[in-house]
Amino acid sequence: MTDALSGEKISRMKIIANVISLDSEPELPNLLASLKGKIDALVLVDGGSADKTVEIAEAWGRESGTPVIAQVNPWLDDFALQRNVCLNL
């Protein structure tokens, strides 16, 4: 990509999807399918799911070649805390 004014080469901005989840196994495959080829990485903060949410995200990363950072952070009824953990990864 080239800057229109200076003509200097600029690199493409990276797009990282941040996902906060809790027992999202039924919905996650559709979300991940919609992101395939559109993001450079996925950051998932899971609130301690009893299902396979984290495993599904990690498997999707391996299959799609998209880096996935998945971290379990216990849900304490505080969305802002989960968001901040996600943004700090």
Side-chain angles (χ1 to χ4, degrees):
M1 182 183 291
T2 305
D3 184 280
L5 297 176
S6 69
E8 293 179 23
K9 185 175 180 172
I10 56 175
S11 60
R12 184 178 73 82
M13 197 180 305
K14 301 252 186 234
I15 298 173
I16 301 172
N18 293 317
V19 176
I20 298 169
S21 64
L22 181 62
D23 294 323
S24 300
E25 185 175 355
E27 298 87 8
L28 195 57
N30 287 335
L31 170 69
L32 297 174
S34 73
L35 294 174
K36 190 173 182 179
K38 297 176 182 149
I39 62 171
D40 297 298
L42 172 73
V43 174
L44 178 115
V45 174
D46 186 77
S49 292
D51 62 13
K52 296 186 182 296
T53 297
V54 173
E55 292 88 345
I56 291 168
E58 291 172 335
W60 176 81
R62 287 189 299 275
E63 292 166 9
S64 69
T66 303
V68 172
I69 298 171
Q71 180 171 323
V72 175
N73 192 62
W75 179 254
L76 300 174
D77 202 26
D78 187 348
F79 177 82
L81 174 65
Q82 298 299 82
R83 180 201 60 218
N84 291 339
V85 169
C86 199
L87 294 175
N88 286 318
L89 288 177

Going only through I, L, V, M, F, W and Y residues with side-chain contacts under 4.5 Å, is there a path from [X] to [Y]?
{"X": "Ile16", "Y": "Ile69", "result": "yes"}
{"X": "Val19", "Y": "Val85", "result": "no"}
{"X": "Leu31", "Y": "Leu22", "result": "no"}

Would Leu42 and Leu32 satisfy side chain to side chain contact (heavy atoms under 4.5 Å, CB included), going step by step from the backbone distance to the final call?
CA-CA 9 Å; Leu42 172 73; Leu32 297 174; 3.7 Å; yes
Which heavy atom of [X] sits nearest to which heavy atom of [Y], and what is that distance?
{"X": "Ile20", "Y": "Phe79", "answer": "CD1-CE1, 3.6 Å"}
{"X": "Pro29", "Y": "Ile56", "answer": "CG-CG2, 4.5 Å"}
{"X": "Trp60", "Y": "Val68", "answer": "CE3-CG2, 4.1 Å"}
{"X": "Cys86", "Y": "Asn18", "answer": "SG-CB, 3.3 Å"}
{"X": "Ser21", "Y": "Thr53", "answer": "OG-CG2, 3.4 Å"}
{"X": "Glu25", "Y": "Lys52", "answer": "OE1-N, 3.3 Å"}

Closer than 3.5 angstrom, by distance alone: can the side chain of Asn73 be matched with the main-chain N or O of Gln82 as a donor-acceptor pair?
no
Under 3.5 Å, is there a donor-acceptor pair between the side chain of Asp46 and the main chain of Val54?
no
Rounded to the nearest 0.5 Å, what's the gap from CG on Leu28 to CG on Leu44? Could you check?
6.5 Å
Can you measure from CD1 (Ile39) to OG (Ser64) and round to the nearest 0.5 angstrom?
7.5 Å
The criterion is salt bridge (Lys or Arg N to Asp or Glu O under 4.0 Å); which residues satisfy it with Asp40, sequence neighbours excluded?
Arg12
